[in-house]
Amino acid sequence: MSNSKIYLGANNLGSGKIKLGANDVSAIYLGANKEYPPSNPIPLTDLLCFTATTSVNAQSHLYPQHFDLQEVELLDSPFKTAMHTNAELLLRYDADRLMTPFIRQAGLDKAGSKYRGWIAAHPSFSNWGLSDWSLEGHVGGHYLTALAQAYAAVHDENLRAQLKERLDYCVTIMKDCQEAYDSNTQGLYGFIGGQPINQIWTGLYANSLSEFQRYGGWVPFYCQHKVIAGMRDAWVYAGNEDAKECFRKISDWSVNVISKLSYNDMQNVLGWEHGGMNEAIADAYHIFGDKKYLDAAKRYNHAHEVNGMQGSLSSYSRTFLNGQHANTQVPKFIGFQRISELESGNTNLETAAENFWDDVANHRTVCIGGNSVSEHFLAADRCSQYMTNLDGPESCNSNNMLKLSELMFNDTHDAKYVDFYEQTMWNHILSTQDPQTGGYVYFTSLRPQSYRVYSQVNKGMWCCVGTGMENHSKYGEFIYSRDSQTNTLYVNLFVSSKLTNENYSLTQETRFPYEPGSTLTIDKSGTYTIAIRKPSWCSNFGISIND
């Protein structure tokens, strides 16, 4: 008999049952969170027999503690329904029109090119309906990520094949657009972008801020972040090798385009919304191992936000975020946390991320798990606006707060991050999809007798349409996680699903929240710790093994 253990801790234990499908278990340990080994073993015999296996190995390219999306199959639940609805909706989007901004900016619609006549045949979508303000290309970047994640998450082979075909088609077009700049020496080598303002990039490369300042309200780095992340995800989630090289080249562009700016000028640039540029370039460092990417990622850190969120959890400023544009800030702190993971010693970044999460999650979040009114953080004495303003919590904010919560949990394994994740996933993210049409919500109003506005396919290219495309393929991303150092499998969320990889095979069956329990069946032998979250809202819990 091996020494397989199940740890039931004050912060790791969930209501329900574990059904172990082998023969013997040696002990269950009851102890506090992160106590390895706990001090009070309760011997059990004749329940489960495990054979030894190798230790847990990282499968994902980016996050070793996460399982790949394809390793977690959603079973019947609202989440599986939402995922399939979304995957089918993605195929209804006009990919040619989403690619038009990139083709236009690369100058490919010309005589002798296979793209001649493209723009007239496939006119670009407008953004926010404004003729004098363009965020073209940002949804095209989101679309790559959404297709890649849906391909990885869906287990219907016919649907997966269609998603992969569409993804590969888009990557091929964007690769052609990138190659159009291969001989450029003015700061556009490696570039892929859709906004009609290429001159801002050549200006920055020439150490001039004039054009960037003129168009800063078009949030150009925000739009570029979506394209960079899309190429990264097309490789990470779907294995497209062309996307990997496109990601490398556009990461090189991200390094070079700011290389001549002084520290002060760079901080001026970062005063405009720039998405998660620091995170994306930090990921390039993690993937390719070249330190130039880590150095550049740190140049994309906005010092004003880092400095403003220093102090202990009891002493940091609770008013610093008041009035700030909410979703401008969340991706910055994701990047701070990401960089602190990849380079030890960045305590200021780690502190800033921890305090920011605490401030937003514990002091600025409403019952659905979302935050902000009209895209801005409210001061405490203005919180009544949640009940009076039509533009309530924004979907993008919740999308990014979930990502930050995952990173914080990976670092600490503190169940509070999963509690927040669960609240927001169930009560906000799931509700942002129209269950009939698959459309996406921008704002979720809390005003009495209010309503939501859902997008229509190929109309309304809002920011939350882009993140909405991504939201509903990621439900399997954080149900389970692992820690190879302690050989621990974490059961984070109570969602019907099946985890299968070379080390684990586990099925979770639950009707939560309609029934207060979940059944876990271990389908493959192994020796490891299982840590099950005890939700903060659960006052009466217990675990039984084989009844």
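Since the model is a prediction, treat every value here as computed from it, not as a measurement. Numbers for residues simply follow the sequence, beginning at 1.
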Inset, instruction - Output, in order, the C-alpha distance, side-chain angles, deciding distance and verdict of side chain to side chain donor-acceptor pair (under 3.5 Å) for Thr172 and Asp242. - result: CA-CA 8 Å; Thr172 297; Asp242 284 340; 5.0 Å; no
Legend entry - Within 45° cone and under 6.0 Å: Lys226 NZ/CZ vs Tyr222 ring: yes
Inset, instruction - List the steps, then state whether side-chain contact (heavy atoms from CB on, under 4.5 Å) holds for Leu261 with Asn268. - result: CA-CA 10 Å; Leu261 298 181; Asn268 188 324; over 6 Å; no
Inset, instruction - Sort out for me which residue in Tyr63, Phe478, Tyr417, Tyr421 forms a ring pair (Phe, Tyr, Trp, His ring centres under 6.0 Å) with Phe409. - result: Phe478
Legend entry - More than 12 heavy atoms of other groups within 6.0 Å of Arg116 CZ: no
Inset, instruction - Any chance you could measure Thr467, atom OG1, to Tyr440, atom OH, to the nearest 0.5 Å? - result: 9.5 Å
Inset, instruction - Taking atom types as modelled, find out whether Arg166 and Tyr143 have a side-chain donor-acceptor pair closer than 3.5 angstrom. - result: yes
Legend entry - Plane angle bin for Phe212 and Phe221 - parallel if under 30°, tilted between 30 and 60°, otherwise perpendicular: tilted
Legend entry - Parallel, tilted or perpendicular: rings of Trp118 and His122 (30°, 60°): tilted
Inset, instruction - Apply side-chain hydrogen bond (donor to acceptor under 3.5 Å, both in side chains) to Asn400 and list each qualifying residue two or more places apart in sequence or on a separate chain. - result: Asn327
Inset, instruction - Would you indicate whether Glu165, at its atom CD, is surrounded by more than 12 heavy atoms from other residues, nucleotides or ligands within a distance under 6.0 Å? - result: no
Legend entry - Pairwise distance CG(Leu91) to CG(Asn86) - rounded to 0.5 angstrom: 10.0 Å
Inset, instruction - Work out which heavy atom in Tyr480 is nearest to a heavy atom in Ser497; give both atom names and the distance. - result: OH-OG, 2.7 Å
Inset, instruction - Establish, from distance only, whether the side-chain atoms of Gln178 and Lys175 form a donor-acceptor pair under 3.5 Å. - result: no
Legend entry - Aromatic contact, His304 with Phe320 (centres under 6.0 Å): yes
Inset, instruction - Look only at the side chain of His225 and the backbone of Gly276, and say whether a donor-acceptor pair between them is shorter than 3.5 Å. - result: yes
Inset, instruction - Could you tell me how the ring of Tyr475 sits relative to the ring of His472: parallel (under 30°), tilted (30 to 60°) or perpendicular (over 60°)? - result: tilted
Inset, instruction - State yes or no: are the ring centers of Phe79 and Trp426 separated by less than 6.0 Å? - result: yes
Legend entry - Charged N-O contact under 4.0 Å between Lys164 and Asp168: yes
Inset, instruction - Name the orientation class of the two ring planes belonging to Phe377 and Phe356 (parallel below 30°, tilted from 30 to 60°, perpendicular beyond 60°). - result: perpendicular
Below 3.5 Å, can you tabulate the donor-acceptor pairs from side chains in residues 182-191 to any protein atom, sequence neighbours excluded?
| residue | atom | partner | partner atom | Å |
| --- | --- | --- | --- | --- |
| Asp182 | OD1 | Lys249 | NZ | 2.8 |
| Asn184 | OD1 | Gln186 | N | 2.8 |
| Asn184 | OD1 | Gly187 | N | 3.3 |
| Asn184 | OD1 | Leu188 | N | 3.0 |

Inset, instruction - Not counting sequence neighbours, list each pair that qualifies as a salt bridge (Lys or Arg N to Asp or Glu O under 4.0 Å) and has a residue in residues 133-156. - result: Arg104-Glu136
Legend entry - Basic-acidic side-chain contact under 4.0 Å: Arg338, Glu341: yes
Inset, instruction - Give a yes or no answer on whether the side chain of Gln105 reaches the backbone of Gln195 with a donor-acceptor pair at less than 3.5 Å. - result: yes
Inset, instruction - Any chance you could measure Trp357, atom CH2, to Leu404, atom CG, to the nearest 0.5 Å? - result: 8.5 Å
Inset, instruction - Kindly indicate whether a cation-pi arrangement holds for Lys260 with Tyr205, taking the cut-offs as under 6.0 Å to the six-membered ring centre and within 45° of the axis. - result: yes
